[in-house]
Undergrad: 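Let me begin by handing over the structure; questions about it come next.
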Amino acid sequence: MTDASAPAPRAASAPVLVVGDDRAPRTGGAAPGSGPRPDDDLLEGLNPQQREAVTYRGPALLIVAGAGSGKTSVLTRRVASLLRTREAWPSQILAITFTNKAAGEMRERVGQLIGESARGMWISTFHSACVRILRREAAQFGFTTSFTIYDSGDSRALIKRLVKEHEADAYGLTPAATQGRISKLKNELADAESYARSANMSDPAERVFVEVFSAYQRELQRANAFDFDDLIGQTVFLFRAFPHVADVYRRRFRHIMVDEYQDTNHAQYALIHELTRPVSSGGGDEYADSGMMIFDAPAADAPEPASLTVVGDSDQSIYAFRGADIRNIAEFEKDYPGAKVVLLEQNYRSTQNILSAANAVISHNFDRKDKKLWTDVGAGEPIVGFTGYSQHDEAQFIADEIETLHRAGVDYNQIAVFYRTNSQSRALEEIFIRAAVPYKIMGGTKFYERAEIKDALAYLVAIANPADEMALRRIINRPRRGIGDVTIETIARYAQSEQITFRDALANASAIGVGPKIQQAISRLDAVLAEAAEIMLPASGELAPPTAVAEGLQLLLNKSGYYDALRASKDPQDEARVENLDELVAVTREFARNNPEGTLLDFLTEVALVSDADDLEDASGSVSLMTLHTAKGLEYDAVFLTGVEEDLIPHRISAGEPGGPQEERRLFYVGITRARKRLYLSLAMTRAQFGEVTVAMPSRFLQEIPSDLLEWRQSPGDVNSRRGTQSRALNARRPGGGSGFGTGKRYGDDLVPLAKRSPSGSGGSIDKFANRIPAKVRDNGDLELAQGDRIRHDDFGEGRVDAVTGEGAKRVAHVRFDGAGMKKLLIKIAPITKL
DNA sequence: AGGGCCCCCATTTTT
DNA sequence: TGGGGGCCCT
């Protein structure tokens, strides 16, 4: 591959956009009649639409990429093609994704296609790209290059303090609500001032909110910090306020690509818009001559605006609740007149049955461009439906089915279970543990949100950005040094009166006006911070060695007494905290290996911007459990979509929100389209929530699936009829796969989907599966079982042990039950007795 | 300053 | 049902 690639253009050579006029679209296929293109091999195996998406050249291109239509492949080949044909230098390409994981994948795949010549591209998230820009330009507007980034926890802590100071809670402003409103406004590029102009300022609650908002912004600036929303918003502000700065980037980025465009919010949209505007200043601008010209991009005079490629699927827009604006993609052609649109509808992931179900469901959303996924791999298995009596019954069915699949040769890590809300995972876990189904919950781990990790990072921030008072306040009494709120305020007042920073105040402990014991504690902290700073940011001006961050962190944790305090504690959790901190130290080492030039600031940036959700596919050998939102972008051979009930999906809260039910339908659609070969839709008739059992109704989405695609192992009708209720109404008719639904009609008996009753139902009597799972996991101690033993199980009745595998607490009995078939049971906790 | 108790509340989440 | 936050008591 690499050999075939064109040599990277030499930096000295003239910066030419090689293949003809880049405004003249060269459409379609494989360059008819003009001999082999240098990117021919990149088009191999692509369908005509995909080829077009790779080869089209013009100012604006929208690739409407249905689920599983090979979007990533197209995008990476498009980038590779631009480089291979020498239409662009790597440095002229900016590719934006939403997650670091997606960015990493893309970088890797482009690298595979064209090798080293891919270096120098910006492939990053919106936030990382903005950080890079802001670091270079921060000095333009009152920040320094060593600014830090507040995550949502940091910003909530700050807002909480401000809400308290302004007594805003008296007006019903909770920290969470305030944070939400501020974030929303920032996503709309509003600031406190502009909001105040449009708000009803005679309302005291509004006035207080505006006060808190502007105080928050002041504090951020004072701390030399940006929150997540600011990273985008302030970059837009920068571009608008300083056109000559924006021009630098407009000249540099000739080709901009944005993935998951349907998820962009207004600020992100505006950012892209700024970057694709014509260069405003004429030739040789003073900015470039002032020694600030950091790019190797050639300074051609007034080049064309950058060409923009966006990829997305409005049917997969599921993040409106956090500001994503579907109009950005829906109105792309209006925003960029003359834009080319390419539709990718051929699906390379799922069977036709699954796609037909997905198409049918999503077609109930009005106001959408029609798009139908299709495949040539054939119908495949029917979709399987199951209705449990309870969530545990539902979970048991899933566990059984997973075992059946596994025995049939499906890897556990090719199986996923989705749910709408996190709380639904509990019942699944309980059953999976008992059934010895190996599983992993995805997206739940929040390593960087643990208190001890945040503390450790606050120590680092305190050194990297001494202006960040929040970080100092966080660590000043951790471990306990006897410095309480009163002392902190005393220090703050002293700092203010002396016109110095909080950090510098710590160096004058004796002058602050606190007792000798506290003075000593402050001085000791000051000394530790100074010592660590000398390691990580040597005052002598020399470069810190790559290991400096790791060393500095260890020094901080040791000499601050943080480690000691945890080790001395008798709280058993503190042991785990030490381990977590060790893990963090390991992360810094890893960082040093990967980034020999990496500074403390680089490390902190990476940590702030890179979540641990990025190692999503670490589930080797386990079934993956996750929310539907987390599932986006992933695919599995077998998918279980659980809790398909009214009030869950669509979620009850969505009913009141404009566009809510439609977004829920898209969420359901996303879930369906994750499945390659097998799809299971399951629900329960009763569900225990908030401590009480409620009766659940089948989701309206179920009946949007044509009945011939769905084979019920146990339909809602079966379950109800055994209870002797509703059976008539249920069996009376089957609503057609139908049209004209989607009004906010309430469900009722007439919406309960019907079922083809399959005789092979796994259920026996109601009592067998009634909600019998005890809250506590039992413990059989070291119950010994051997092949041939007869046992009795609370749910499954009697059976014979076929085999015992595993060791210790993880011993698993493979039992053939007389009534319930083969099961795997974790001997330690299964509700079994030896007979 | 810290521990314990009580009350309230309860989608989805990346950066 | 369960977790987190706030308040009160020691």
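In what follows, chains are A, B, ... by sequence order, proteins preceding strands, each numbered from 1.
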Undergrad: Please determine whether the number of non-hydrogen atoms from other residues, nucleotides or ligands lying under 6.0 Å from atom CZ of R327(A) exceeds 12.
TA: no
Undergrad: Are any of the side-chain nitrogens in K454(A) or D154(A) under 4.0 Å away from the carboxylate oxygens of its partner?
TA: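 Result for this pair is yes, salt bridge flagged.
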Undergrad: Expressed as a whole number of angstroms, how long is the span from Q689(A):CD to dA10(B):C1'?
TA: 9 Å
Undergrad: More 5' along DNA chain B: F228(A) or V486(A), using each one's nearest nucleotide?
TA: V486(A)
Undergrad: Under 4.0 Å between a side-chain N/O of T125(A) and OP1 or OP2 of dT14(B), yes or no?
TA: no
Undergrad: Using a cut-off of 4.0 Å on non-hydrogen atoms, how would the nucleic acid contact of I649(A) be classed: base, sugar-phosphate, or nothing?
TA: nothing
Undergrad: Looking across every strand, which nucleic acid part, if any, lies under 4.0 Å from Y319(A) by heavy atom: base, sugar-phosphate, or nothing?
TA: sugar-phosphate
Undergrad: Applying a 4.0 Å non-hydrogen cut-off, can you work out what E663(A) is touching in the nucleic acid: base, sugar-phosphate, or nothing?
TA: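 No contact at all - E663(A) keeps every heavy atom at 4.0 Å or more from the nucleic acid.
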Undergrad: Would you verify whether the NZ or CZ of R665(A) falls within 45 degrees of the ring axis of F668(A) while also being under 6.0 Å from that six-membered ring's centre?
TA: no
Undergrad: Expressed in angstrom and rounded to an integer, what is the separation of F418(A) atom CZ from dT11(B) atom C1'?
TA: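 Computing the F418(A):CZ to dT11(B):C1' distance gives 18 Å.
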Undergrad: Roughly, in whole Å, what's the span from CD in E606(A) to P in dT15(B)?
TA: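 Taking CD of E606(A) and P of dT15(B), I get 12 Å after rounding.
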Undergrad: Expressed in angstrom and rounded to an integer, what is the separation of D229(A) atom CG from dT13(B) atom P?
TA: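 One finds 18 Å between P of dT13(B) and CG of D229(A), rounded.
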Undergrad: Given atom CE of M442(A) and atom P of dT13(B), what is their separation to the nearest angstrom?
TA: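 Nearest whole value for this atom pair: 13 Å.
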Undergrad: Between R700(A) and E664(A), does any side-chain N to carboxylate O distance fall below 4.0 Å?
TA: no
Undergrad: Check this for me, if you would: do K184(A) and D229(A) make a salt bridge, where the nitrogen-to-carboxylate-oxygen distance has to be below 4.0 angstrom?
TA: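 D229(A) and K184(A): not salt-bridged.
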Undergrad: Take E646(A) and F701(A) through the side-chain contact (heavy atoms from CB on, under 4.5 Å) test and state the conclusion after the steps.
TA: CA-CA 9 Å; E646(A) 282 294 308; F701(A) 300 152; over 6 Å; no
Undergrad: Within a reach of under 6.0 Å around CZ of R652(A), are more than 12 heavy atoms found that belong to other residues, nucleotides or ligands?
TA: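 No, not enclosed.
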Undergrad: Can you tell me which nucleotide in dT15(B), dT14(B), dT12(B) comes closest to the side chain of F321(A)?
TA: dT12(B)
Undergrad: Can you tell me how far P of dC9(B) sits from CD1 of I653(A), to the nearest Å?
TA: 13 Å
Undergrad: Tell me what F98(A) touches on the nucleic acid: a base, only sugar-phosphate, or nothing, going by heavy atoms under 4.0 Å.
TA: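 F98(A): backbone/sugar contact only, no base atoms under 4.0 Å.
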Undergrad: So, is dT12(B) syn or anti if syn means the angle is within 90° of 0?
TA: anti
Undergrad: Under 5.5 Å between ring centres and under 30° between planes: does that hold for H629(A) against the base of dT12(B)?
TA: no
Undergrad: In terms of side-chain geometry, is the basic nitrogen of R368(A) or D313(A) positioned less than 4.0 Å from the acidic oxygen of its partner?
TA: no
Undergrad: Say you pick atom C1' in dG5(C) and the same atom in dT12(B); how far apart are they, in whole Å?
TA: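 dG5(C) and dT12(B) have their C1' atoms separated by 23 Å.
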Undergrad: Between the protein and nucleotides 4-10 of chain C, which nitrogen or oxygen pairs come in under 3.5 angstrom?
TA:
none

Undergrad: Contact class for R420(A) (heavy atom, under 4.0 Å): base, sugar-phosphate, or nothing?
TA: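 Contact class for R420(A): base.
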Undergrad: When you get a sec, tell me which of dA1(B), dT11(B), dT13(B) is the closest nucleotide to the side chain of N477(A)?
TA: dA1(B)
Undergrad: Under a 4.0 Å threshold between the charged nitrogen and the carboxylate oxygen, would R426(A) count as salt-bridged to E429(A)?
TA: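 No, E429(A) and R426(A) are not salt-bridged.
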Undergrad: Verify the contact: side-chain N or O of N422(A) to OP1 or OP2 of dT11(B), cut-off strictly under 4.0 Å; return yes or no.
TA: no
Undergrad: Quick one: is dT15(B) close enough that its OP1 or OP2 comes under 4.0 Å of any side-chain N or O from S128(A)?
TA: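 No, because none of the side-chain N or O atoms of S128(A) sits under 4.0 Å from OP1 or OP2 of dT15(B).
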Undergrad: Can you check whether any acceptor in the base of dT15(B) is under 3.5 Å from a donor in the side chain of S152(A), or vice versa?
TA: yes
Undergrad: Nearest whole Å is fine: how far is dT15(B) C1' from L604(A) CG?
TA: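 From L604(A) CG to dT15(B) C1': 16 Å.
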Undergrad: What nucleotide, of dT13(B), dT15(B), dT11(B), holds the atom closest to the side chain of R322(A)?
TA: dT13(B)
Undergrad: With the stacking rule set at 5.5 Å and 30°, tell me whether F690(A) counts as stacking on dC9(B).
TA: no
Undergrad: Measure the distance from CZ on F226(A) to P on dT14(B) and round it to the nearest whole Å.
TA: 24 Å
Undergrad: Expressed as a whole number of Å, how far does the P atom of dG4(C) sit from that of dT13(B)?
TA: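 The answer is 16 Å between these two P atoms.
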Undergrad: Taking the same atom, C1', in dT11(B) and in dG6(C), what whole-Å distance lies between them?
TA: 24 Å
